[in-house]
Peer 1: 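Below is the structure I would like to discuss, written out as structure tokens.
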Amino acid sequence: MPTSFPRARRDLIRRQLLAWYRSAQRDLPWRRTRDPYRIWLSETMLQQTRVDSVIPYYERFLERFPDVQALALADEQDVLRAWSGLGYYARARNLKRAAECIVRDHAGELPRAAEQLAALPGVGPYTVGAIRSIAFGERAAVVDGNVARVLSRLLAAPELAPAHLWRIAEELVPRAAPDQFNQALMELGALLCVPRSPACPRCPLSGCCAAYATGRPEDYPAPLPKPKPREVEAISGLLERGNGRQRALLLLRRPSKGLLGGLWELPSVAGDRPEALLASLHERTGLRARAQGELGRVRHIFSHRALTLRVVRLSRPSGRLRPGSDARWCSPSELQGLPLSALMKKTLRLAKY
DNA sequence: AATTCGGGGGT
DNA sequence: ACCCCAGAATT
């Protein structure tokens, strides 16, 4: 039997929530526009990423790529560079591909129809609803982590399936101001109805919240079983050529799919054996080198992997860089122009770059 | 249905 | 330490 809200309760929730949002909402950059491109960009950056982390990236990205056309014409490496440090780099690659689709198939304007939006790479159910409601004012629902938590608490239902959450959210979103309502629901989850120690006394919905009535709102929703990150080891080599003004460092580009796809890194290989690193270096670039001492170790936690990266100095490069091997010698200043992960930025700091 | 994909801020 | 975030794609 589906849990849901009677109509009177639904109207109350809408009114209370919208009234609260009018006075409590944060002044965020993407709330100052209805440009579908900007809404789309903000929603993409906000996937699994906190507001405070996104803001500077959002501003810089728009300076660099002010509209769909600019993004469609851009070089993917430049897009990745603008994303460098934000994480989940498939978002950036998909965003750029989607911009090309929008120029080619939709005359450069984001489509309004759910099916056409969902066909764009990187645009899933949440982003479809967000663009349709916020940019176009359509009555479309959103379910993100915030909404799931708020609904779970309002109903004191610890384990609502996604399909059920979507049905509830679709019933709840009003025709009148779906953009304000959806953002209000998420803002409530972000500011008051937070995972732990929710601010129920300040919540406009505490009067009709079943979880609040139980006295233990933080018990909802039920926590997901958390697989802890698997420990992995890798080794990277710092290989320099020349000195002074001529000084250059060897960087390799990762394959465009998978972890940190398309980003640049020091020559690296799984494990901790310098011999394996040298063999991999030769296979990938045609270069040979000698292994010197260890520079240090970098510890980096991804959500699903805990990496210990051993960094060794390499020396005496010989041979010629094979053309088309996605490798290049970079001066320290050229380094700033490459898309790098937070891990590699950390690693390069260790190596005084 | 599970797993893969980053990074960081709050507690 | 642990949690989890304005999720989507892949397997």
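Every value quoted in this text rests on a predicted model; they were computed, and no experiment measured them.
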Peer 1: When the P atoms of C/dA6 and B/dT11 are compared, how many Å lie between them, rounded to an integer?
Peer 2: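 It works out to 13 Å between them.
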Peer 1: A/E187 pairs by side-chain hydrogen bond (donor to acceptor under 3.5 Å, both in side chains) with which of A/R26, A/Q180, A/Q25?
Peer 2: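 Testing each of A/R26, A/Q180, A/Q25 against A/E187, the sole residue satisfying side-chain hydrogen bond (donor to acceptor under 3.5 Å, both in side chains) is A/R26.
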Peer 1: Return the value, rounded to whole Å, for the distance between atom CG of A/L263 and atom P of B/dG6.
Peer 2: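 Result: 8 Å.
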Peer 1: Check A/R97, A/K96, A/R104 against A/E100 for a salt bridge (charged side-chain N to carboxylate O under 4.0 Å, His left out) and give me the one that passes.
Peer 2: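 Among the candidates, only A/K96 passes.
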Peer 1: Centre-to-centre under 6.0 Å for A/Y57 and A/F61, is that the case here?
Peer 2: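 Between A/Y57 and A/F61, the centre distance exceeds or equals 6.0 Å.
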Peer 1: Please figure out whether A/R230 or A/H300 has its closest DNA chain B nucleotide nearer the 5' end.
Peer 2: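 The 5'-side residue here is A/R230.
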Peer 1: Any side-chain N or O of A/Y89 less than 4.0 Å from the OP1 or OP2 oxygen of B/dG7?
Peer 2: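 Yes, because at least one side-chain N or O of A/Y89 sits under 4.0 Å from OP1 or OP2 of B/dG7.
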Peer 1: Between C/dC3 and B/dG6, how many Å separate the two C1' atoms, rounded to a whole number?
Peer 2: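 Those two atoms are separated by 15 Å.
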Peer 1: Whether A/R149 contacts C/dC5 is assessed here as follows: a side-chain N or O lying under 4.0 Å from the phosphate OP1 or OP2. Is that the case?
Peer 2: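 It does, given that an N or O in the side chain of A/R149 lies less than 4.0 Å from OP1 or OP2 of C/dC5.
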Peer 1: Using a heavy-atom cut-off of under 4.0 Å over every strand shown, decide if A/L86 touches base, sugar-phosphate, or nothing.
Peer 2: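 Here A/L86 touches the bases of the nucleic acid.
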Peer 1: For atom CZ of A/R299, is the number of surrounding heavy atoms from other residues, nucleotides or ligands below 6.0 Å larger than 12?
Peer 2: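 Yes, the 6.0 Å shell around CZ holds more than 12 heavy atoms from other groups.
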Peer 1: Looking across every strand, which nucleic acid part, if any, lies under 4.0 Å from A/W30 by heavy atom: base, sugar-phosphate, or nothing?
Peer 2: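 If one applies the 4.0 Å heavy-atom cut-off, A/W30 turns out to touch a base.
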Peer 1: Indicate, with a heavy-atom threshold strictly under 4.0 Å, whether A/A90 touches base, sugar-phosphate, or nothing.
Peer 2: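 Contact class for A/A90: none.
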Peer 1: Report the nucleotide, chosen from B/dG7, B/dG10, B/dC5, that has the shortest atom-to-atom distance to any side-chain atom of A/Y88.
Peer 2: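 Among the listed nucleotides, the one closest to the side chain of A/Y88 is B/dC5.
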Peer 1: Just wondering, are more than 12 heavy atoms of other shown residues or ligands nearer than 6.0 Å to CZ in A/R202?
Peer 2: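 Atom CZ in A/R202 is not packed in, count stays at 12 or less.
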Peer 1: Surrounding CG of A/D75 (heavy atoms of other residues, nucleotides or ligands, distance under 6.0 Å), is the total greater than 12?
Peer 2: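 More than 12 heavy atoms, drawn from other residues, nucleotides or ligands, come within 6.0 Å of this atom.
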Peer 1: Could you check whether A/T127 gets within reach of a base, just the sugar-phosphate, or nothing at all, counting any heavy atom under 4.0 Å?
Peer 2: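 Sugar-phosphate contact only - A/T127 comes under 4.0 Å of backbone atoms but never of a base.
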Peer 1: Counting the atoms with a prime plus P, OP1 and OP2 as sugar-phosphate, which does A/S341 contact under 4.0 Å by heavy atoms, base, sugar-phosphate, or nothing?
Peer 2: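 Here A/S341 touches the backbone only, sparing every base.
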Peer 1: Does C/dC5 have its OP1 or OP2 closer than 4.0 Å to a side-chain nitrogen or oxygen of A/Q48?
Peer 2: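 The answer is no; no side-chain N or O of A/Q48 sits under 4.0 Å from OP1 or OP2.
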Peer 1: Compare side-chain N and O positions of A/K226 against OP1 and OP2 of C/dC3 and report whether any pair is under 4.0 Å apart.
Peer 2: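 For C/dC3, OP1 or OP2 has a side-chain N or O of A/K226 closer than 4.0 Å.
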Peer 1: So A/G189, base contact, sugar-phosphate only, or nothing? Heavy-atom distance under 4.0 Å.
Peer 2: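 If one applies the 4.0 Å heavy-atom cut-off, A/G189 turns out to touch nothing in the nucleic acid.
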Peer 1: Hey, is the side chain of A/S303 pairing donor to acceptor with the base of B/dG7 inside 3.5 Å?
Peer 2: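 Absent.
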Peer 1: Identify all pairs in which a protein N or O lies below 3.5 Å from an N or O of nucleotides 9-11 of chain C, and state each distance.
Peer 2:
| from | atom 1 | to | atom 2 | distance (Å) |
| --- | --- | --- | --- | --- |
| C/dA9 | OP1 | A/G122 | N | 2.5 |

Peer 1: Mind checking whether A/Y37 and A/W40 have parallel, tilted or perpendicular rings, split at 30° and 60°?
Peer 2: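 A/Y37 vs A/W40 ring planes: perpendicular.
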Peer 1: C1' atom, C/dC4 versus B/dC5: distance in rounded Å?
Peer 2: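 Comparing C1' positions in C/dC4 and B/dC5 gives a spacing of 15 Å.
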Peer 1: My understanding is that a pair needs two contacts under 3.5 Å, Watson-Crick or G-U wobble. By that rule, which nucleotide pairs with C/dA1?
Peer 2: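 C/dA1 is paired with B/dT11.
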Peer 1: With a 4.0 Å cut-off on heavy atoms, is A/R93 in touch with a base, just the backbone sugar-phosphate, or nothing at all?
Peer 2: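 Nothing, no nucleic acid heavy atom in range.
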Peer 1: Would you state whether a donor and an acceptor, one from the side chain of A/R91 and one from the base of B/dC5, lie under 3.5 Å apart?
Peer 2: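 Between B/dC5 and A/R91, which were checked side chain against base, a qualifying N/O pair under 3.5 Å is absent.
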Peer 1: Looking at B/dG6, B/dG8, C/dA6, which one has an atom nearest to any side-chain atom of A/A342?
Peer 2: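 In terms of side-chain proximity for A/A342, the closest of B/dG6, B/dG8, C/dA6 is B/dG8.
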Peer 1: Where the side chain of A/L259 is defined as all heavy atoms beyond and including C-beta, which of C/dA6, B/dG6, C/dC5 is the nearest nucleotide?
Peer 2: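 Looking only at heavy atoms from C-beta outward on A/L259, the closest nucleotide is B/dG6.
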Peer 1: Look at the rings of A/F302 and A/H300 and say which category their plane angle falls in: under 30° parallel, 30 to 60° tilted, over 60° perpendicular.
Peer 2: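 Geometry flag for A/H300 against A/F302: perpendicular rings.
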Peer 1: Given the structure, check if the side chain of A/Y126 and the base of C/dG7 hold any donor-acceptor pair shorter than 3.5 Å.
Peer 2: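 Not at all, since no donor on one side and acceptor on the other fall under 3.5 Å apart.
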Peer 1: Under 4.0 Å between a side-chain N/O of A/H304 and OP1 or OP2 of B/dT3, yes or no?
Peer 2: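 No, outside the criterion.
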